[in-house]
Every structure is written in structure tokens, then in C-alpha cells.
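Heads up, the thing below is written out as C-alpha cells.
Nothing here was measured: the structure is a model prediction, and the numbers come from that model.
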Amino acid sequence: MRRGPAITALAALALSLTACGSTQTPAGGSATGGLQAKPADLSGSMLLLIANTDQMGWFVTDGDGLPLYRYDKDTPKPSKSNCEGDCAKAWKPVLADKAPMATGVDPITIGSVTRSDGSKQLTIAGWPQYTFNEDKAAGDMKGQGKGGTWFATAPNGAKITGGKAQNNSKSSSTPSPSPSPNNGQAPPPAPPSSGSPGY
């Protein structure tokens, strides 16, 4: 076996790599790790992201990872919020006062509606969007199915009922990029009134 030259070549290679990785200061300046990009300033943007769980499939979240919800008593065409007063205290309207920056949500489905107080509220596929005041951290979804009228929003604007949203299937690992023409577009009939305020 002729290991001698091979081992010598490996030793020489290791020595040259060590020299390349030295921390000597280059001429004319200090070693700072080369070019560095500044992090993007997203303070003027409203982040919309998507998350996925086995139970829920794909759903939309805000920049803090809190799920966005839609309300069956709202309307998508024309967009109208019917959550006011105490309802809007429990279900905070997602304001559209910054330019949206969406990952996983088709930009063409993103819009806004003017609320009765004059503020602009985010819509997805025409549905006004909310966060729930009992969701405190990413992964919380305490508003799901609340009152039989509040449901997490899928990336195409559909509501997620029971389990996966209409646009989620076990054969697909990514959400549908465009809204489905007939899923989640019309709310089901309201349940009979039981004397509760409906939220």
C-alpha cells in the first residue's frame, strides 16, 4: 500500500486550509467577517404568515404567530364587518393601516374594508379578519369554532371548520395559492337565536 504520499497530501491540504482560515488582519483594515447586509426594516409593514398543524392544516397568522379568524356574520361581497362594540373588544379587528407583506397568502385576495368608526380592517377574499383576545402566544387557537361562528382563516380565505380547511388536503403539502370560487365564500345560515349576543 502506498499510503505515504496520500497522507502527506492530506496533511498539506489541511495545513493550507488552516492558513486560509487564519484570523490575520488584512492590509488596510480589521477583519469583520466580510460584507454584511442590513436587516430589512419591516416596521412599516403588516406581516401575514401561514402556519400548519396536523389538526388544522394551513391557516393565516399575523407577524406574532397569532391566528387570524373570520366571522360568519360578516359578509365578503361586499366586505362588511358586523363585529362592533363588545364583540370588537373580544375579537380585535386586524387593522390595515400598514402595507401588507404576505408569505403564503395570495396578494390578490388581500384587501381592506372601512369599519363604522372609519378605521381600515384587513380582508382576505373579502372576509374581515380578527385576532382573539384569549390567544396570547403563537400556537394558541382558543377562538376556533367559538359560538359556532368564528373560524381560523385558511390562506385562500376559506374558513377552517372541524379540522382542515376546504383548501387543505392530505395529498398536498402546500396551501392553494388562489381562493376557491365556492368554498368559504358564503356563510351558512345563522343558528337559531338562543338569547346570546352571538360572539
Q | Heavy-atom closest contact (K146 atom, K142 atom, distance) | A | CD-O, 4.0 Å
Q: Write down the atom of T109, the atom of D106, and the distance for their closest heavy-atom approach.
A: OG1-O, 2.7 Å
Q.
Just to verify, what does N82 make a side chain to side chain contact (heavy atoms under 4.5 Å, CB included) with, not counting sequence neighbours?
A. D74, K80
Q.
Show the nearest heavy-atom pair for residues S112 and A96, with the distance to one decimal.
A. CB-CB, 3.8 Å
Q: Find out whether D72 and R70 are in side-chain contact, i.e. whether some heavy atom of one side chain is under 4.5 Å from a heavy atom of the other.
A: yes
Q | Separation between CH2 of W127 and OG1 of T75, rounded to the nearest 0.5 Å | A | 7.0 Å
(Q) Do Q121 and Y130 have side chains that approach each other closer than 4.5 Å (heavy atoms only, starting at C-beta)? (A) yes
Q.
Quick check for you: to the nearest 0.5 Å, what is the distance between T103 atom OG1 and L48 atom CG?
A. 8.5 Å
Q | Close side-chain approach of M46 to P100, heavy-atom, < 4.5 Å | A | yes
**Q.** Aromatic ring proximity Y71/W91, centre distance under 6.0 Å
**A.** no
Q: Check whether any side-chain heavy atom of L68 lies under 4.5 Å from a side-chain heavy atom of D62, and answer yes or no.
A: yes
Q) With hydrophobic residues grouped by side-chain heavy-atom distances under 4.5 Å, do I110 and V113 end up in a single group? A) no
Q.
Quick check: do V94 and T131 have side-chain heavy atoms less than 4.5 Å from each other?
A. yes
Q | Value rounded to 0.5 Å, distance of NZ in K92 from CG in N133 | A | 10.5 Å
Q: With sequence neighbours excluded, give me every salt bridge (Lys or Arg N to Asp or Glu O under 4.0 Å) pair touching residues 112-132.
A: E84-R115
Q. Can you name the nearest heavy-atom pair linking N156 to A125, along with the distance?
A. O-CB, 3.5 Å
Q: Give a yes or no on whether the backbone of P128 and the side-chain of T123 come within a donor-acceptor separation of less than 3.5 Å.
A: no
Q) For the residue pair P155 and V105, what are the closest heavy atoms and their distance? A) O-CG1, 3.8 Å
Q.
For a 4.5 angstrom cut-off between non-hydrogen side-chain atoms, does Q129 reach Y69?
A. no
Q) So do the side chains of M141 and Q55 get within less than 4.5 Å of each other, counting heavy atoms only? A) no
(Q) Let me check something: do I124 and L66 share a hydrophobic cluster, defined by ILVMFWY side-chain heavy atoms less than 4.5 Å apart, either directly or through other members? (A) no
Q | Separation of L49 CG from F59 CZ (nearest 0.5 Å) | A | 10.5 Å
Q) Any side-chain heavy atom of W150 within less than 4.5 Å of one from C83? A) yes
Q: Any chance you could measure T61, atom OG1, to D135, atom CG, to the nearest 0.5 Å?
A: 11.0 Å
